[in-house]
Q: 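Handing you this structure, nothing more for now.
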Amino acid sequence: MSLYLDTSLLVAALTNEAETARMQAWLAAQVPEELMISDWVVTEFSSALSIKLRTGQLQPAHRADALAMFTHLTTESFTLLPISGQQFRTAARYADQYTLGLRAGDALHLASCADHGATLCTLDRRLSEAGRTLGVKTLLL
């Protein structure tokens, strides 16, 4: 089974949040060869850490530690999926379905999962429900 990790899961696992211990335990229990992220997750992860730093939720040293661990996991444990033009167009079709309430980045996660037959693993209930509506396998953690 291919498991696509969305950014919310990784931010929770690698920074100090309410779900940190649970996400770390969940990740540790997975088979590394089954874990995937996309190039979009790399961008979104850095953005999330910058927001946490600007808003005082994260100190510079902790940001550096989280980025180092993310880089290590990306290199050693995750399969990194490129984002294609077709996936951007699929994401646009998903986002066109305004009743789903999808943001552009979330639609892109779903398009990447759909293209690779992966299950989206997320902490975001709305994203999980939208995925199921679109026929994308999801796992709400």
Side-chain angles (χ1 to χ4, degrees), residues 1-55 57-141:
M1 174 192 292
S2 297
L3 302 175
Y4 178 99
L5 311 177
D6 92 328
T7 311
S8 67
L9 185 157
L10 292 169
V11 170
L14 299 176
T15 65
N16 188 21
E17 293 192 354
E19 295 288 346
T20 298
R22 190 169 72 87
M23 289 305 95
Q24 288 175 347
W26 184 85
L27 274 174
Q30 304 312 305
V31 176
E33 294 78 21
E34 295 178 353
L35 303 178
M36 304 174 151
I37 62 169
S38 68
D39 283 327
W40 178 242
V41 171
V42 174
T43 301
E44 226 178 20
F45 186 83
S46 287
S47 175
L49 293 188
S50 291
I51 290 168
K52 283 181 169 285
L53 186 61
R54 285 193 310 270
T55 59
Q57 300 174 57
L58 194 63
Q59 296 303 311
H62 295 129
R63 180 179 185 270
D65 291 344
L67 281 173
M69 180 54 76
F70 178 77
T71 300
H72 173 76
L73 289 169
T74 299
T75 303
E76 299 297 323
S77 299
F78 303 154
T79 299
L80 183 60
L81 305 173
I83 299 291
S84 69
Q86 181 59 47
Q87 290 167 349
F88 276 104
R89 289 184 290 281
T90 299
R93 284 196 313 279
Y94 290 169
D96 281 340
Q97 298 181 47
Y98 65 91
T99 58
L100 297 177
L102 285 172
R103 295 172 295 185
D106 290 344
L108 193 53
H109 289 306
L110 290 170
S112 185
C113 286
D115 194 41
H116 293 282
T119 298
L120 174 73
C121 301
T122 184
L123 294 173
D124 184 331
R125 182 175 304 282
R126 184 188 66 216
L127 177 56
S128 178
E129 290 171 358
R132 284 194 295 274
T133 299
L134 293 166
V136 177
K137 294 176 281 188
T138 64
L139 176 60
L140 180 63
L141 298 171

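None of these values were measured; they are calculated from a predicted model. By convention here, the first residue in the shown sequence is residue 1.
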Q: Hey, can you pull the donor-acceptor pairs under 3.5 Å for the side chains in residues 127-141, sequence neighbours left out?
A:
| unit_1 | atom_1 | unit_2 | atom_2 | d |
| --- | --- | --- | --- | --- |
| Ser128 | OG | Arg132 | NH1 | 2.8 |
| Ser128 | OG | Thr138 | OG1 | 3.0 |
| Arg132 | NH1 | Thr138 | OG1 | 3.2 |
| Thr133 | OG1 | Glu129 | O | 3.1 |
| Lys137 | NZ | Gly117 | O | 3.2 |
| Thr138 | OG1 | Ser128 | O | 3.3 |

Q: Quick check for you: to the nearest 0.5 Å, what is the distance between Cys121 atom SG and Ile37 atom CD1?
A: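 Here the rounded value is 13.0 Å.
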Q: List the steps, then state whether side chain to side chain donor-acceptor pair (under 3.5 Å) holds for Ser8 with Asp6.
A: CA-CA 6 Å; Ser8 67; Asp6 92 328; 2.8 Å; yes
Q: Is there a side-chain contact between Val42 and Leu80, using heavy atoms and a 4.5 Å cut-off?
A: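 They are in contact (side-chain heavy atoms under 4.5 Å apart), so the answer is yes.
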Q: With side-chain contact (heavy atoms from CB on, under 4.5 Å) as the test, would you mind laying out the steps for Leu81 and Trp40 before giving the verdict?
A: CA-CA 9 Å; Leu81 305 173; Trp40 178 242; over 6 Å; no
Q: Are Trp26 and Leu5 close enough, and set up right, to give a side-chain contact (heavy atoms from CB on, under 4.5 Å), and what steps lead you there?
A: CA-CA 11 Å; Trp26 184 85; Leu5 311 177; 3.7 Å; yes
Q: If I take atom CG from residue Leu102 and atom OG1 from residue Thr99, how far apart are they, to the nearest 0.5 angstrom?
A: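 Leu102 CG to Thr99 OG1: 9.0 Å, rounded to 0.5 Å.
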Q: I need the His72 NE2 to Phe78 CZ distance, nearest 0.5 Å.
A: 9.5 Å
Q: CG of Leu120 to CE of Met36: how many Å apart, nearest 0.5 Å?
A: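 Here the rounded value is 12.5 Å.
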Q: Hey, can you pull the donor-acceptor pairs under 3.5 Å for the side chains in residues 9-21, sequence neighbours left out?
A:
| unit_1 | atom_1 | unit_2 | atom_2 | d |
| --- | --- | --- | --- | --- |
| Thr15 | OG1 | Val11 | O | 2.7 |
| Glu17 | OE2 | Lys52 | NZ | 2.8 |
| Glu19 | OE1 | Arg22 | NE | 2.5 |
| Glu19 | OE1 | Arg22 | NH2 | 3.0 |
| Thr20 | OG1 | Ala12 | O | 2.7 |
| Thr20 | OG1 | Thr15 | O | 2.5 |
| Thr20 | OG1 | Glu17 | N | 2.7 |
| Thr20 | OG1 | Glu17 | O | 3.0 |

Q: Is the backbone N or O of Tyr94 less than 3.5 Å from a side-chain atom of Gln97, with the two atoms forming a donor-acceptor pair by type?
A: no
Q: Tell me, with the steps shown, if Ser50 and Arg63 meet side-chain contact (heavy atoms from CB on, under 4.5 Å).
A: CA-CA 8 Å; Ser50 291; Arg63 180 179 185 270; 3.1 Å; yes
Q: Among all residues two or more places apart in sequence or in another chain, which pass the side chain to side chain donor-acceptor pair (under 3.5 Å) test with Thr71?
A: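 Not a single residue meets the side chain to side chain donor-acceptor pair (under 3.5 Å) criterion with Thr71.
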Q: A side-chain contact here means heavy atoms from C-beta on lying under 4.5 Å apart; do Leu3 and Gln30 qualify?
A: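 In contact.
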Q: Please identify each residue that fulfils side-chain contact (heavy atoms from CB on, under 4.5 Å) with Ile51, with sequence neighbours left out.
A: Ser47, Arg54, Thr55
Q: Return the set of residues passing side chain to side chain donor-acceptor pair (under 3.5 Å) with Asp39 (not counting sequence neighbours), or none when no residue passes.
A: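 Applying side chain to side chain donor-acceptor pair (under 3.5 Å) to Asp39 gives none.
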Q: Give every donor-acceptor pair under 3.5 Å between a side-chain atom in residues 104-111 and any protein atom, sequence neighbours left out.
A:
| unit_1 | atom_1 | unit_2 | atom_2 | d |
| --- | --- | --- | --- | --- |
| Asp106 | OD2 | Arg103 | NE | 3.3 |
| Asp106 | OD2 | Arg103 | NH2 | 2.9 |
| His109 | ND1 | Tyr4 | OH | 2.7 |
| His109 | NE2 | Glu44 | OE1 | 2.7 |

Q: Around His116, counting heavy atoms of other residues, nucleotides and ligands shown, do more than 12 lie under 6.0 Å from its NE2?
A: yes
